[in-house]
Amino acid sequence: MKSGQTPLALLVDDDPAHNKILSAVLKKLGITSIVTTNAKEFLARLKEVKPTICLVDLNIDELGVGYTLIKAVRKVLGTSMPIIVLSGQSDRQAIAHALEVGANDFIAKPLDRAILASKLTRYMMTEELLSSQSAFFPVPEGGSDANIELEFELREVDEFGIRLSSRHLLNKGSVF
Amino acid sequence: MSKAVKEILIIDDDESILLMASKILSGAGYRVFEASGVEEAVETVQKRVPHLVITDLKLKGESGFEYLERHRKLKELRNVPVVVLSGVRSQEAIYQASSLGAVDYVTKPIDAAILVAKIKKALKDRKFPHVTLPEDQRSIVRISAPGRIIQANEIGFLLEAPVRIADNTRIELTSPLLRLLGLETCIFQRSQMPARPGLPGQYLNDVAVIGLTSVHAHRIREIMRTWK
């Protein structure tokens with residue numbers, strides 16, 4: 001984010017109580033918020049105010065309209081606009097769908113302020129936010145083992161091996 | 001991928017020939033297997049298909065001609081050439097071997113240079129199957145990579161792995177730590193922060209935890225407090 005620009009968050013959620021709390025939290029983080037409570041209002045303001053970030057509820061007006069709004073933001077403003085979903089739904093399917101249609105992140109309600117602040121830091125580098133950024137802690141005992149499952153596309157086969165392709169980069173000589 | 005070494009099976013009932021041919025061919029960079037008769041040879045090739053077979057004609061029991069016949073009938077050997085290595089120099093033998101599918105005929109006593117040249121030629125002429133799959137037929141292969149979560153905070157962690165995971169991609173990840181933190185319901189995504197090289201052979205991948213609730217946050221804090 002460019003310095004000197006006031007960070008501006010465009011909110012859409014049909015719960016006024018939630019909007020009030022969220023605005024207050026954002027204010028403390030040095031972010032001005034513009035509150036909208038329905039899809040139509042959100043879309044109108046989106047073109048008008050040029051926000052730095054969009055915070056979108058999934059179920060506004062009716063079930064799943066949030067997904068449509070995310071798609072609309074992507075269409076109007078491209079991929080550079082960060083969109084964070086704030087939703088009472090927290091099942092993997094809802095999260096995955098939101099990411100698929102173009103959301104950058106997803107925070108499930110009830111919201112945790114520290115998590116919200118940390119996540120926002122990733123997308124908007126304001127001074128207030130930087131000071132509240134969560135530090136990384138070393139995991140005890142040198143770390144925790146993890147198993148990563150990645151998908152590759154099988155392209156070529158011969159008797160000496162196979163050739164795979166993907167956007168990931170495997171280190172030479174590693175065994176999988 | 002292991003280094004591509006072509007494998008050759010030699011069939012001969014004369015130990016000294018086996019020894020000599022083996023030496024010549026291993027010296028030329030091939031891996032050599034031996035069989036002293038047709039039965040043993042047929043058993044061997046079915047267990048492990050060689051790139052080429054060399055057979056003598058006069059063998060104890062079934063002859064080299066019989067090997068050629070059986071070789072032809074085995075589907076998995078369709079692309080494997082047979083070269084005859086024999087003391088027999090008659091036109092009939094050469095003709096019969098060729099009509100049974102032998103691609104070349106080398107006479108004894110063995111001349112190392114000729115044998116290697118003929119083998120090289122027989123292998124060169126041969127196309128080993130190499131398939132490039134058309135785009136609509138490419139299947140997805142799942143790869144399991146070992147990693148290690150070395151640092152964490154309440155919204156993400158650093159994953160050390162021999163893979164540089166592409167930015168903004170969802171990853172399937174399991175780890176005792178993630179179970180301990182109660183994050184099974186969340187989705188893990190490589191964040192927009194670029195992955196960077198770590199220790200030799202390793203990359204540091206910044207992973208964001210997506211779908212966090214305040215319940216997760218409390219639990220994460222409780223556990224991380226015990227780390228300090």
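Keep in mind it's a predicted model, so treat the numbers as computed, not measured. Reminder, nothing fancy here: chain letters follow the sequence lines and each chain counts from 1.
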Seminar exercise, completed: The reported gap from CD1 in B/Ile155 to CD1 in A/Ile115 (rounded to nearest 0.5 angstrom) is 8.0 Å
Exercise. Looking at A/Arg167, A/Glu149, A/Glu151, which makes the most heavy-atom pairs under 4.5 Å with chain B?
Worked result: A/Glu149
Seminar exercise, completed: One option among A/Asn104, A/Leu154, A/Ile107 has the most heavy-atom pairs under 4.5 Å with chain B, and it is A/Leu154
For this session: Against chain A, label B/Gln189 side chain, backbone, both or neither, depending on which of its atoms sit under 4.5 Å from a heavy atom there.
Result: side chain
Exercise. Where the side chain of A/Arg155 meets the backbone of B/Leu133, is there a donor-acceptor pair that is under 3.5 Å apart?
Worked result: no
Exercise. Between A/His168 and B/Ala166, which heavy-atom pair has the shortest distance, and what is it?
Worked result: ND1-N, 2.9 Å
Exercise. What do you reckon, is CD of B/Glu76 surrounded by more than 12 foreign heavy atoms closer than 6.0 Å?
Worked result: yes
Exercise. Non-hydrogen atoms of chain A under 4.5 Å away: do they reach the side chain of B/Arg190, the backbone, both or neither?
Worked result: neither
Exercise. Has A/Gln93 got more than 12 heavy atoms of other residues, nucleotides or ligands less than 6.0 Å from its CD?
Worked result: no
Problem set entry | Portion of A/Leu164 that has a non-hydrogen atom of chain B nearer than 4.5 angstrom | side chain
For this session: Can you tell which part of B/Asp206 gets under 4.5 Å to a heavy atom of chain A, answering side chain, backbone, both or neither?
Result: side chain
Exercise. What part of B/Tyr203 lies closer than 4.5 angstrom to a heavy atom of chain A: side chain, backbone, both or neither?
Worked result: side chain
Exercise. Which bit of A/Leu99 is near chain B, if near means a heavy-atom gap under 4.5 Å: side chain, backbone, both or neither?
Worked result: side chain
Exercise. When rounded to the nearest 0.5 angstrom, what is the spacing between CZ in B/Arg138 and CZ in A/Phe152?
Worked result: 14.5 Å
Seminar exercise, completed: Max heavy-atom pairs within cutoff under 4.5 Å with chain A, candidates B/Ser191, B/Pro134, B/Ser139, B/Ala152, goes to B/Ala152
Exercise. Quick one: CG on A/Leu170 to CZ on B/Arg164, what's the gap to the nearest 0.5 Å?
Worked result: 12.5 Å
Exercise. Given the options B/Ile171, B/Thr169, B/Asp167, which has more heavy-atom pairs under 4.5 Å with chain A than any of the others?
Worked result: B/Thr169
Problem set entry | Non-hydrogen atoms of A/Pro138 and B/Trp227 that approach each other most closely | O-CE3, 3.5 Å
For this session: Walk me through it: do A/Asp91 and B/Thr185 pass the test side-chain contact (heavy atoms from CB on, under 4.5 Å)?
Result: CA-CA 7 Å; A/Asp91 54 293; B/Thr185 56; over 6 Å; no
For this session: Would you confirm whether B/Arg148, through its side chain, and A/Gly143, through its main-chain N or O, come within 3.5 Å as a donor-acceptor pair?
Result: yes
Problem set entry | Within residues 210-219 of chain B, residues adjacent to chain A where the heavy-atom gap is under 4.5 Å | B/Ile210, B/Gly211, B/Leu212, B/Thr213, B/Ser214, B/Ala217
Seminar exercise, completed: Honestly, the part of B/Arg170 sitting under 4.5 Å from a heavy atom of chain A is side chain
Problem set entry | Considering all heavy atoms, the nearest B/Gly147-A/Ile148 contact | CA-CD1, 4.1 Å
Problem set entry | Non-hydrogen atoms of A/Arg92 and B/Cys186 that approach each other most closely | NH1-O, 2.7 Å
Problem set entry | Heavy-atom proximity to chain A below 4.5 Å, by part of B/Leu158 | both
Exercise. Can you name the closest pair of heavy atoms from A/Ala146 and B/Leu173 and give their distance?
Worked result: CB-CD1, 4.3 Å
Problem set entry | Single hit among B/Leu159, B/Leu177, B/Ile150, B/Leu180 for side chain to side chain contact (heavy atoms under 4.5 Å, CB included) with A/Ser144 | B/Leu177
Problem set entry | Minimum heavy-atom distance A/Phe136-B/Asn153, with the two atoms named | CD2-N, 3.7 Å
Exercise. Is it the side chain or the backbone of A/Gln89 that comes within 4.5 Å of chain B heavy atoms, both, or neither?
Worked result: neither
Problem set entry | Rounded distance [0.5 Å steps], CG in A/Asp145 versus OG in B/Ser175 | 7.0 Å
